[in-house]
Amino acid sequence: MPADRSEALPTVRRPHRLAGGQPGLLEPGASTDPYRLRLYRILRTDFPLGYDPGLGAWLLSRYADVALALTDPRFTGYPRDGAPRGPVPAPLGLCRGSLVCTPLPSSGTDRIPGSTPATATATASAVERAASAVERAAYVLARRIAGRDQADLVGEFCRWLPAGLSSPEPNAPVRTGGETADCARHTGLRERALASFLANMLDDPDLLAAVAGGAGPGAEAGTGMLLGRAWTETLRRDPPVQIVLRRTRTEVRVSGGTLPAGAPVACLIGAAGRDPARFAAPDRFDPLRADADPLLTGPAGCPAALLGRLEAEHGLRALLTAMPGIRWADGFRPASSGVLTRGPRTLLVRPS
């Protein structure tokens, strides 16, 4: 592993250190870019278990420890005890852990345990309606900016696509069992995730060419699989939610020491997703990686997670259809910001 060179960075870009040298997660400078500042790397290597007074929680940054906190029954939701606890996945990715949401299957062939055939059919129909609504909205938005000399995909596409699909009205695209999918109505995380996904795809001309060249039943199925893997890889490499809070129910031993009972714990998803002990070349965006892991993407049946994946897939297809020559604006490079939630603020492109 390359030597840590954070001390060589300008002072304004160095993560602020707490007593004992631990980087402060919420201190000035930390939220600019915890990856570029090596903040996550320093925590994983030198402070795998440390208390952050600004956040009021113990920090877990290694993949093995974060995975334990997300799945082990010795951890519970925080701050409310009603939040999911192991082995049920914790709220993360695009999932807000709402108690009023009913899970959806990831495809029309999946069944929710205990559901009747009629319920399964109605749910599959809801998924199909959601996909159709996403596809229509994506093409409308893409055509609106196709003739521009320059466009900002965050402000003119990523923000509007989730917002247009999250109505609380009875005919909203995602409803099950008469309950509105509460977390699907909160669109900020989906906006950030979609922006990160598009940034990663636009950065790789070969991937774009593979998606654009998908035609015919067989090729389209292969392209859909590629887009699904690229979406999962985005949530690993650039998660919209960087921190998930949990609480210990008893003492728990982790790699850096022992967590006391009843302790608030901050799972650093952004650090765990780039842990070299778990992922090869963790900073590289690689949809075809052999060590992909769905743990950090959140519950597959969450309505928000389903909508996010549909928005990524149909959104990119719509952009490439309306703007086959889409590319970054001259001199532009995408940059993300934020340490609690994270994503690009701007994506300047030339539509043709």
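Since this is a predicted model, take the numbers as computed values, not measurements. Heavy-atom basis, side chains included; hydrogens, waters and symmetry copies ignored. Start at 1 with the first residue, then count along the sequence.
Side chain of Thr248 to backbone of Gly262: a donor-acceptor contact under 3.5 angstrom is found. Side chain of Arg159 to backbone of Gly155: no donor-acceptor contact under 3.5 angstrom is found. Formation of a donor-acceptor pair under 3.5 Å by the Asp65 side chain with backbone atoms of Ser255 is found in this model. Listed for the Arg350 side chain is no donor-acceptor partner under 3.5 Å among the backbone atoms of Ala329. A donor-acceptor pair under 3.5 Å is absent between the side-chain atoms of Thr250 and the main chain of Ala261, judged by distance alone. Side chain of Asp72 to backbone of Leu68: no donor-acceptor contact under 3.5 angstrom is found. Arg236 places a side-chain N or O within donor-acceptor distance of the main-chain N or O of Gly273, the cut-off being under 3.5 Å. Of the possible polar contacts, none joining the Thr45 side chain to the Ile42 backbone as a donor-acceptor pair under 3.5 Å is found.
Sequence neighbours left out, the pairs with a member in residues 145-158 that pass salt bridge (Lys or Arg N to Asp or Glu O under 4.0 Å) are Arg148-Glu156. For residues 264-291, the set of pairs meeting the salt bridge (Lys or Arg N to Asp or Glu O under 4.0 Å) definition, not counting sequence neighbours, comprises Glu233-Arg289, Asp238-Arg274, Arg274-Asp283, Arg278-Asp293, Arg284-Asp286, Arg289-Asp291. Listed by first then second residue, pairs satisfying ring-ring contact (aromatic ring centres under 6.0 Å, His included) with a partner in residues 303-342 read Trp328-Phe332, not counting sequence neighbours. Legend: salt bridge (Lys or Arg N to Asp or Glu O under 4.0 Å) pairs involving residues 194-206, not counting sequence neighbours, sorted by first then second residue: Asp203-Arg333.
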Practice task
Begin with the C-alpha distance, continue with both residues' side-chain angles, and end with the deciding distance and a verdict on side-chain contact (heavy atoms from CB on, under 4.5 Å) for Leu202 and Leu153.
Solution key: CA-CA 11 Å; Leu202 286 167; Leu153 292 183; 3.9 Å; yes
Practice task
Would you sort out whether Val349 and Gln150 count as a side-chain contact (heavy atoms from CB on, under 4.5 Å), showing the intermediate values?
Solution key: CA-CA 6 Å; Val349 298; Gln150 180 172 293; over 6 Å; no
Problem - Full working for side-chain contact (heavy atoms from CB on, under 4.5 Å) between Ile243 and Leu55 - result: CA-CA 10 Å; Ile243 300 174; Leu55 196 61; 4.3 Å; yes
Practice task
Give the C-alpha distance, both sets of side-chain angles, the deciding distance and a yes or no for side-chain contact (heavy atoms from CB on, under 4.5 Å) between Val211 and Met201.
Solution key: CA-CA 10 Å; Val211 174; Met201 296 299 289; 3.9 Å; yes
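Here the OG atom belonging to Ser336 is positioned 9.0 Å from the CD atom belonging to Gln242, to the nearest 0.5 angstrom. Leu319 contributes atom CG, which lies 5.0 Å from atom CD1 of Ile326 (distance to the nearest 0.5 angstrom). Rounding to the nearest 0.5 angstrom, the gap separating the OG atom in Ser196 from the CG atom in Leu347 is 8.0 Å. Atom CD of Glu311 and atom CD of Glu135 lie 13.0 Å apart (nearest 0.5 Å). A distance of 8.5 Å separates CE of Met323 from CG of Leu320, quoted to the nearest 0.5 Å. Interatomic distance, OG1 of Thr232 versus CZ of Arg237, reported as 15.0 Å (0.5 Å rounding).
Closest approach of Pro344 to Ala199, counting heavy atoms only: CG-CB, 4.4 Å. In this structure, Gly24 and Leu39 approach most closely via the heavy-atom pair O-CD1, 4.2 Å. Across every non-hydrogen atom of Ala69 and Leu60, the tightest pair is CB-CD1, 3.9 Å. Summarising the geometry of Ala193 relative to Trp231, their closest heavy-atom pair is CB-CH2, 3.6 Å, with the distance given to 0.1 Å. The two residues Leu43 and Pro23 come nearest to each other via the heavy atoms CD2-CD, 3.8 Å. Scanning both residues, Leu296 and Ala272, for their nearest heavy atoms gives CD1-C, 4.2 Å.
Residues that satisfy the side-chain hydrogen bond (donor to acceptor under 3.5 Å, both in side chains) test with Thr258, not counting sequence neighbours, are Arg253. Looking at residues two or more places apart in sequence or on another chain, you find no ring-ring contact (aromatic ring centres under 6.0 Å, His included) involving Phe285.
Contact of the Thr297 side chain with the Leu94 side chain is not registered, since no non-hydrogen atoms from C-beta on lie closer than 4.5 Å. Looking at Ile269 and Leu70, their side chains come closer than 4.5 Å, going by heavy atoms from C-beta outward. Looking only at side-chain heavy atoms (C-beta outward), Leu295 and Tyr63 come within less than 4.5 Å of each other. Between Tyr35 and Arg342, the closest side-chain pair of non-hydrogen atoms falls below 4.5 Å. Looking at heavy atoms from C-beta onward, Arg192 lies in side-chain contact with Thr341 at the 4.5 angstrom threshold. Between Thr223 and Arg317, some side-chain heavy-atom pair lies under the 4.5 Å cut-off. Considering only heavy atoms from C-beta on, Leu25 comes within 4.5 Å of Leu268 through its side chain. Residues Trp160 and Val140 fail the side-chain proximity criterion, which asks for heavy atoms closer than 4.5 Å.
A continuous path of ILVMFWY side-chain contacts below 4.5 Å connects Leu245 to Leu340, so both sit in one hydrophobic cluster. No continuous path of ILVMFWY side-chain contacts below 4.5 Å connects Tyr139 to Leu227, so the two sit in separate hydrophobic clusters.
Heavy-atom neighbours of Arg327 CZ from other residues, nucleotides or ligands within 6.0 Å: above the threshold of 12.
A donor-acceptor pair shorter than 3.5 Å cannot be found between the side chains of Ser61 and Arg44.
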